[in-house]
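In what follows, a single structure is set out as structure tokens and then discussed.
Chain identifiers are assigned alphabetically (A, B, ...) following the order of the sequence lines, protein sequences preceding nucleic acid strands; residue numbering begins at 1 within each chain.
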Number of protein chains: 2
Amino acid sequence: MKYKILEKPDCEKAYELVEEAMRKRATITLFACCKVEYEGRALSQLNWGERIILIKPDGSFLIHQDKKVEPVNWQPPKSKTRSYLSGERLILESHRRTPKELLTVEVRQIQFISYANMEDFEELEQAGYEKDMSDMIMERPHLIEEGFTPKTREYSVEHGFIDILGKDNDGNLMVLELKARKAGVSAVKQIRRYLQDLENTENDYLKECKAQKKKIRGILVAPSIMEDAREMIEEEGIEFVSVEPPRELKRDKKVTLDAF
Amino acid sequence: MKYKILEKPDCEKAYELVEEAMRKRATITLFACCKVEYEGRALSQLNWGERIILIKPDGSFLIHQDKKVEPVNWQPPKSKTRSYLSGERLILESHRRTPKELLTVEVRQIQFISYANMEDFEELEQAGYEKDMSDMIMERPHLIEEGFTPKTREYSVEHGFIDILGKDNDGNLMVLELKARKAGVSAVKQIRRYLQDLENTENDYLKECKAQKKKIRGILVAPSIMEDAREMIEEEGIEFVSVEPPRELKRDKKVTLDAF
DNA sequence: GGTTCAATCTCGTCT
DNA sequence: AGACGAGGTTGAACC
């Protein structure tokens, strides 16, 4: 059976359905009055009230109130769910080993409970992130400027990683910091720290650059920039290049390639 | 009526239930085969598959696959939900103004759909966070060391905010950085930047400190510290004080106080 | 409205 | 298993 629903079951009937659902590795949906306690990375309690509970076959456990996107309490995938009856009540426990975390739900009055085996073989296709921007710039470096040659991605320096390191037409070093969203002051501070890090780095290649009197150019790459960040890059001698993150889904891309 | 469930309804029946639920400001739970498109801060699409959809009266819209804690697609509170029939199918749209975001769900085969008015007047009580640590240290400064006197919280410097600024018994300035979880290298870098910021700050009070040859002490406060961070604080002359975030719920605290 | 920062962040990725 | 960084982060507090 693909799914089953019980309306206003007593806790014993609900318990049987929960056990059956777990055997079948189905997803449980429960609308009931419950009380919740959590102890683990933090500590919390939530008094009696009606919530929607989702228990997924991967061990994820979610408790939703009627507000917000985030669940009020939860456990991550691979948690172990256990259910049992205590007096007239259904207890749902979700346990995790490392870190040690325990979620305990006491269920009083059940409006409905269901389980369902969800057939879903699709994964989300998405675009418009920093990584997509990085891929695009490596493929088409002229988007930054004519003659730009990217050398290294994720180049490690003292305070983090330089998104893209490369050279311009005159052999000057170019330090690119990418942001998929509007860049703020923090992005400018970040790139400024990377430039300082490079100045302080003892590295044959960088020594050679300095010996040849080559400059180190800092480039902030983002779709747009906030006003105070704009002012700061001018003071700091950092450059700004406007690039939109590519908004092409892989599926679309594939179709386009197949067309040729 | 508090809740309603329909099993295997056609899309027209489901549409009527959705409209009724929205009039009653109820929470909708839907288990169905659907296809999802999102366009806004990013771009995504998800092909046909069975998912659980939650639509809350505050405008939150969640689509859950049978894995993970996070919804595969969602809209935040205050989004506007619209539903309509297109051919044989039910379309659910969720729209947000700033930033402009549109979530479109095409629903094909519905296993069940329900709405429920959730009675819940409780809020989550929780403890064990950075703020609780900060409160505790302000109340009981000797947890840091005998004679420590906190002066300012959230003191603004170039690269952020100093969690707690204070003085020791000898009048030296103390810069506290709090972490509610195990502190890593990034926490040490953060406190190091704050110390540099203070060195560079032109401020009468700080000038006086320097004139009196007072030191500026950096203190990392966390339950524990990672090995590489431990090495770094030794090099940097930063101190580490182990403090557990308090794990006392307000409810418990109140009970304790009432007992006296 | 925006801006900043913590979070039981989650989740992927890499060591 | 631990560490690190991005995220349509979310959510809250403050301006």
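- Expressed to the nearest 0.5 Å, how far CG of A:L62 lies from CG of A:L54 amounts to 5.0 Å.
- Taking atom C1' on both nucleotides, D:dA6 is separated from D:dT10 by 14 Å, rounded to a whole Å.
- Take A:E93 and apply the salt bridge (charged side-chain N to carboxylate O under 4.0 Å, His left out) test, not counting sequence neighbours, and it matches A:R82.
- Screening residues 26-37 of chain B for side chain to side chain donor-acceptor pair (under 3.5 Å), with sequence neighbours left out, gives no hits.
- With sequence neighbours left out, the salt bridge (charged side-chain N to carboxylate O under 4.0 Å, His left out) criterion links B:D120 to A:R51.
- For B:S44, the side-chain hydrogen bond (donor to acceptor under 3.5 Å, both in side chains) partners two or more places apart in sequence, or in a different chain, are B:N73.
- Not counting sequence neighbours, the partners of A:P141 by the side-chain contact (heavy atoms from CB on, under 4.5 Å) test are A:F148, A:P150.
- Across the protein-nucleic acid pair, B:E158 atom CD and C:dT4 atom P stand 12 Å apart, rounded to whole Å.
- The salt bridge (charged side-chain N to carboxylate O under 4.0 Å, His left out) check on A:K131 picks up A:D135, with sequence neighbours excluded.
- In terms of the side-chain hydrogen bond (donor to acceptor under 3.5 Å, both in side chains) criterion, residue partners of B:Q126 (sequence neighbours excluded) are, by chain and number, B:Y129.
- As rounded to whole Å, 12 Å separates atom C1' of C:dC11 from atom CG of A:D58.
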Under-3.5 Å N/O pairs linking protein and nucleotides 13-15 of chain D:
none

TODO: Summarise protein proximity over nucleotides 3-12 of chain D in one line of letters, 5' to 3': B for base, S for sugar-phosphate only, - for none, counting protein heavy atoms closer than 4.0 Å.
DONE: SSS-SBSSSS

TODO: Starting at the 5' end of DNA chain D, write a dot or bracket for each base, bracketing those in Watson-Crick or G-U wobble pairs whose two distances are under 3.5 Å and using | for partners on another strand.
DONE: |||||||.|||||||

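- Contacts classified as salt bridge (Lys or Arg N to Asp or Glu O under 4.0 Å) and involving residues 184-198 of chain B (residues at least two apart or in different chains) are given here: A:E158-B:R192, B:R192-B:E236.
- Every ring pair (Phe, Tyr, Trp, His ring centres under 6.0 Å) that A:F31 has, sequence neighbours left out, goes to A:F112.
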